[in-house]
Amino acid sequence: MPAVNPAIVTRFAPSPTGELHPGNARTALFSFLLARRNGGRFVLRFEDTDRARDRDAFIASQLEDLAWLGISWDAGPERDDGHGPYRQSERGAIYQDLYQQLERQGAVYPCFCTAAELEMARKAQAAAGQPPRYPGTCRSLDAAARASRLAAGRQPGLRFAVPEDQTIRFDDLVRGPQAVESAQLGDFLVRRAAGGTVFFFCNAVDDALMGITQVLRGDDHLSNTPRQLLLLSALGLRAPRYGHLPLLLDAGGAPQSKRRGSVTVAELRRQGYLAAALGNYLLRLGHHGAPDEWVQPAEFARHFHADHLGRAPAHFDPVQLDHWQREAVRRLDAEQVTDWLAGEFPADWPRPERVALAALLQGNLLLPRDAADWLAVLGGELAALAPAEQAVIDEAGREFFTAALSAFAETGADLGRLAQQLKARTGRKGKALFMPLRIALTGRHDGPELAALLPAIPAALVRTRLENAAGLRKD
RNA sequence: GCUCCCAUCGUCUAGAGGCCUAGGACACAGCCCUCUCAAGGCUGGUACGAGGGUUCGAAUCCCUCUGGGAGCGCCA
């Protein structure tokens with residue numbers, strides 16, 4: 001295998017229990033950027049150890065989300081570099097060896113406690129005002145006691161014996177120096193009675209085995225870190241440097257979660273948000289150092305600074321996302337807008353027509369679905385006018401529109417000439433001339449250039465709408 | 001309950017004792033530009049959670065409180 005260890009190897013290690021949230025995506029993006037910025041490698045690993053909740057479909061969707069966001073991985077599922085496999089469900093043999101090593105060393109002990117017993121102990125501790133920790137019941141079992149329980153057919157889990165009176169220290173990439181007393185930890189499970197692995201264990205072990213040098217992960221793992229450090233040190237494995245990112249909150253202030261229906265990356269993508277827009281937004285959430293202006297995705301890494309990560313939780317604000325979305329849409333070329341709008345066009349529309357329309361509407365769209373309104377303006381029914389718009393029509397008056405009608409008959413869809421004629425006939429100019437026309441023709445006061453819009457509306461429709469405005473058609 | 005973390009405009013953030021009558025961006029309001037909207041330009045309002053210290057001087061350091069969050073799982 002090639003030399004896999006430049007100075008920096010980072011990773012993203014999601015569990016496939018749902019679609020990616022912006023918070024996960026941000027963690028992935030930052031990890032990716034941290035590697036890229038330093039010429040390092042980025043690794044993707046799936047922690048699919050929860051048979052009940054894991055779904056292959058989520059692996060596929062997360063892979064898709066990541067790739068869509070412009071995140072590429074040097075190693076991962078389907079791309080093994082000799083340190084894989086990159087799905088934990090396929091790493092069982094590796095874990096078994098490590099369990100044996102821990103047992104040989106006496107760093108772990110079998111625990112026969114049942115879920116009910118554990119639950120009772122926790123309740124008692126809570127009642128006594130104690131933190132709920134494993135009481136150590138099985139730690140002191142002697143060989144005979146263990147043998148008799150085994151003989152009775154009881155399946156033990158494996159628990160890590162946390163050393164007493166030890167201070168675990170580490171320097172967090174975003175929090176700085178941390179110190180935790182081992183007395184606060186309580187012996188934790190490393191293998192289930194049924195034989196399954198546990199997060200603390202395989203997560204830490206895989207990072208070490210895969211040569212990960214820095215781990216950026218959610219804040220919620222901060223207080224778990226000492227356990228993993230203890231475990232790794234017992235195994236003689238090199239621990240990565242950890243950096244704990246504050247959680248991303250919803251606009252309302254609650255942590256993002258599927259239960260609360262937080263938006264997912266896949267959903268944003270379905271709605272038509274552009275990857276570069278989400279990227280620009282994420283780059284600035286809980287991180288500073290990027291300029292206020294738009295940054296090309298290719299430049300993200302250059303603007304990422306691991307020492308500029310915030311410690312306070314940030315809110316995911318759709319309004320700010322929309323700002324970057326507008327910036328992103330503006331930067332698309334006509335072909336790209338056309339593809340972006342693909343789902344909005346009638347199926348039989350030829351490409352050139354699509355491109356022309358896409359270019360026409362580009363400046364007035366936030367999301368593809370906004371195009372539907374304009375498609376109606378261009379070829380369908382106009383919605384009823386709002387009072388403010390109706391007032392403009394009324395103010396212009398019947399004569400204005402009859403004049404417009406005859407001007408249109410002469411000039412056709414050439415707005416320049418039509419405006420000239422109208423001006424000559426009605427004496428109106430500027431806004432007083434264009435606004436009634438715009439509203440009569442489109443039903444709204446905003447939109448693309450009228451000069452470009454007019455030729456896109458069938459002549460018959462133009463006449464009908466002008467007649468309507470003039471009050472010639474009372475239907 | 002216990003342990004830990006966090007706290008600057010509505011939001012994202014700058015700020016590592018005097019440069020802060022707190023800066024920028026988004027959003028909002030007004031004006032300019034313009035056939036409209038957008039873009040662009042200009043202007044404006046809005047923040048250091050509270051209370052105590054330390055100091056000649058605190059958004060910046062310490063303590064308490066308040067508020068938010070996380071962890072303490074045979075979930076990850």
Side-chain angles (χ1 to χ4, degrees), chain A residues 13-17 47-50 52-54 88 111 113-115 118-119 122 125-134 155-159 172 175 178-181 183-186 188-200 202-203 217-227 244 246-247 249 251 253-255 281 283-293 308 310-324 326-327 329-330 362-366 392 415 419 429-439 442 444-451 453:
Chain A
S15 56
T17 55
E47 309 218 322
D48 53 342
T49 57
D50 185 347
R53 295 194 303 150
D54 290 332
Q88 288 185 333
C111 173
C113 296
T114 64
L118 261 14
E119 179 59 26
R122 272 194 292 272
Q125 285 165 330
Q130 297 298 313
R133 275 192 211 115
Y134 181 67
Q155 283 290 315
L158 218 49
R159 225 169 252 283
D172 192 276
R175 306 280 179 190
Q178 308 284 317
V180 179
E181 298 303 322
Q184 293 174 7
L185 260 25
F188 55 94
L189 203 77
V190 295
R191 190 182 67 202
R192 295 180 224 280
T197 56
V198 173
F199 167 80
F200 291 127
C202 41
N203 175 268
R217 50 164 28 168
D219 224 353
D220 45 340
H221 293 300
L222 181 61
S223 37
N224 290 333
T225 305
R227 283 173 240 270
H244 291 93
L247 261 22
L249 311 178
Y281 184 38
L283 184 63
R284 294 163 172 88
L285 269 183
H287 170 255
H288 68 93
D292 286 334
E293 301 78 41
H308 288 182
R311 291 140 306 258
H315 298 74
F316 186 83
D317 181 2
V319 175
Q320 306 223 15
L321 208 214
D322 284 350
H323 166 252
W324 295 112
R326 267 183 217 101
E327 294 284 316
V329 172
R330 208 151 54 111
Q362 177 169 15
N364 289 271
L365 303 177
L366 180 66
V392 174
L415 185 70
K429 58 181 181 177
K431 197 169 179 173
L433 184 150
F434 284 98
M435 190 47 88
L437 258 191
R438 168 180 290 279
I439 291 176
T442 70
R444 48 199 289 183
H445 70 274
D446 61 347
E449 292 281 329
L450 201 49
L453 221 34

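First the proteins, then the strands, lettered A, B, ... as listed; each starts at 1. Bear in mind that the values here come from a model prediction, so they are computed numbers and not experimental data.
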Enquirer: Nearest to the side chain of Lys431(A) - A25(B), A76(B), U36(B)?
Expert: U36(B)
Enquirer: Nearest to the side chain of Arg284(A), heavy atoms from C-beta on, is which of U11(B), C74(B), C12(B)?
Expert: C12(B)
Enquirer: For His315(A) and U11(B), is the shortest distance between a side-chain N/O and OP1 or OP2 below 4.0 Å?
Expert: no
Enquirer: Is the phosphate of A76(B), meaning OP1 or OP2, less than 4.0 Å from a side-chain N or O of Arg192(A)?
Expert: yes
Enquirer: If I pick the P atom on U60(B) and the same atom on G53(B), what distance separates them, to the nearest angstrom?
Expert: 15 Å
Enquirer: In Watson-Crick or G-U wobble terms, both distances under 3.5 Å, what is the partner of G40(B)?
Expert: C32(B)
Enquirer: Picking from His221(A), Arg311(A), Arg217(A), what satisfies side-chain hydrogen bond (donor to acceptor under 3.5 Å, both in side chains) with His244(A)?
Expert: Arg217(A)
Enquirer: So what does Arg444(A) hit on the nucleic acid, given a heavy-atom distance under 4.0 Å: a base, only sugar-phosphate, or nothing?
Expert: nothing
Enquirer: Counting side-chain heavy atoms from C-beta on, which of U13(B), C37(B), G69(B) comes nearest to Asn364(A)?
Expert: C37(B)
Enquirer: Using the side-chain heavy atoms of Arg53(A), tell me which of these nucleotides is nearest: C74(B), A25(B), A76(B).
Expert: A76(B)
Enquirer: If I pick the P atom on U46(B) and the same atom on C2(B), what distance separates them, to the nearest angstrom?
Expert: 42 Å
Enquirer: Looking across every strand, which nucleic acid part, if any, lies under 4.0 Å from Arg191(A) by heavy atom: base, sugar-phosphate, or nothing?
Expert: nothing
Enquirer: Select one nucleotide: of A70(B), C35(B), C72(B), the one nearest the side-chain heavy atoms of Pro255(A).
Expert: A70(B)
Enquirer: From the set C35(B), A27(B), A14(B), return the single nucleotide nearest to any side-chain atom of His323(A).
Expert: A27(B)
Enquirer: Give the rounded distance in Å between these two atoms: CG of Asp219(A) and P of G71(B).
Expert: 9 Å
Enquirer: Which part of the nucleic acid, if any, lies within reach of His445(A) when heavy atoms closer than 4.0 Å are counted: base, sugar-phosphate only, or nothing?
Expert: base
Enquirer: Mind checking Phe188(A) for me? I need base, sugar-phosphate or nothing, with any heavy atom below 4.0 Å counting as a touch.
Expert: nothing
Enquirer: Counting only heavy atoms not in Arg444(A), do more than 12 fall under 6.0 Å of its CZ?
Expert: yes
Enquirer: For residues Arg438(A) and Leu453(A), determine if any side-chain heavy atom of one lies less than 4.5 Å from a side-chain heavy atom of the other.
Expert: yes
Enquirer: Heavy atoms only, 4.0 Å cut-off, all strands: where does Arg227(A) land among base, sugar-phosphate and nothing?
Expert: sugar-phosphate
Enquirer: For the residue pair His308(A) and His287(A), categorise the inter-ring angle as parallel (less than 30°), tilted (30 to 60°) or perpendicular (more than 60°).
Expert: tilted
Enquirer: How many Å lie between CG on Leu249(A) and P on C6(B), as a whole number?
Expert: 15 Å
Enquirer: Given the P atoms of C48(B) and A59(B), what is the spacing between them in whole Å?
Expert: 11 Å
Enquirer: Base, sugar-phosphate alone, or nothing: which one does Pro246(A) contact when heavy atoms must sit under 4.0 Å apart?
Expert: nothing
Enquirer: Is any side-chain nitrogen or oxygen of His244(A) closer than 4.0 Å to OP1 or OP2 of C5(B)?
Expert: no
Enquirer: Think Arg159(A) has a side-chain N or O under 4.0 angstrom from the OP1 or OP2 of C74(B)?
Expert: yes
Enquirer: Looking at C5(B), C37(B), A76(B), which one has an atom nearest to any side-chain atom of Glu47(A)?
Expert: A76(B)
Enquirer: Picking from C74(B), C6(B), A25(B), which would you name as closest to the side chain of Arg175(A)?
Expert: C6(B)
Enquirer: For the atom pair CG (Leu321(A)) and CZ (Arg326(A)), what is the distance rounded to the nearest 0.5 Å?
Expert: 10.5 Å
Enquirer: Describe the nucleic acid contact of Thr114(A) in one word from base, sugar-phosphate, nothing, applying a heavy-atom distance below 4.0 Å.
Expert: nothing
Enquirer: Using a heavy-atom cut-off of 4.0 Å across all strands, would you classify Leu450(A) as base, sugar-phosphate, or nothing?
Expert: base
Enquirer: Counting heavy atoms from C-beta on, name the nucleotide in G71(B), G1(B), A70(B) closest to the side chain of Ser223(A).
Expert: G71(B)
Enquirer: If we call it a pair only when both distances are under 3.5 Å in a Watson-Crick or G-U wobble match, what pairs with A50(B)?
Expert: U64(B)
Enquirer: Hey, does Leu285(A) reach any base, or is it just sugar-phosphate, or nothing, if we go heavy atoms under 4.0 Å?
Expert: sugar-phosphate
Enquirer: How would you label the contact of Asn224(A) with the nucleic acid (heavy atoms, under 4.0 Å): base, sugar-phosphate, or nothing?
Expert: base
Enquirer: According to the Watson-Crick and G-U wobble definitions, with both distances under 3.5 Å, which nucleotide is paired to G18(B)?
Expert: C56(B)
Enquirer: Does C74(B) have OP1 or OP2 sitting under 4.0 Å from an N or O in the side chain of Arg122(A)?
Expert: yes
Enquirer: Could you tell me which nucleotide pairs with C2(B) by Watson-Crick or G-U wobble geometry, both distances under 3.5 Å, or answer none if nothing does?
Expert: G71(B)
Enquirer: Verify the contact: side-chain N or O of Thr49(A) to OP1 or OP2 of A76(B), cut-off strictly under 4.0 Å; return yes or no.
Expert: yes
Enquirer: Without decimals, in angstroms, what is the distance between Tyr281(A) OH and U13(B) C1'?
Expert: 11 Å
Enquirer: Give one of base, sugar-phosphate or nothing for Arg311(A), where a contact means two heavy atoms less than 4.0 Å apart.
Expert: sugar-phosphate
Enquirer: Hey, does Ala314(A) reach any base, or is it just sugar-phosphate, or nothing, if we go heavy atoms under 4.0 Å?
Expert: sugar-phosphate
Enquirer: Could you check whether Pro291(A) gets within reach of a base, just the sugar-phosphate, or nothing at all, counting any heavy atom under 4.0 Å?
Expert: nothing
Enquirer: Assign Ala115(A) to base, sugar-phosphate, or nothing according to its heavy-atom contacts below 4.0 angstrom with the strands shown.
Expert: nothing
Enquirer: Between G49(B) and C6(B), how far is it from one C1' atom to the other, in whole Å?
Expert: 13 Å
Enquirer: Across all strands, who's sitting opposite C26(B) as a Watson-Crick or G-U wobble pair, both distances under 3.5 Å?
Expert: G10(B)
Enquirer: Between A76(B), A70(B), C4(B), which one does the side chain of Asp220(A) approach most closely?
Expert: A70(B)
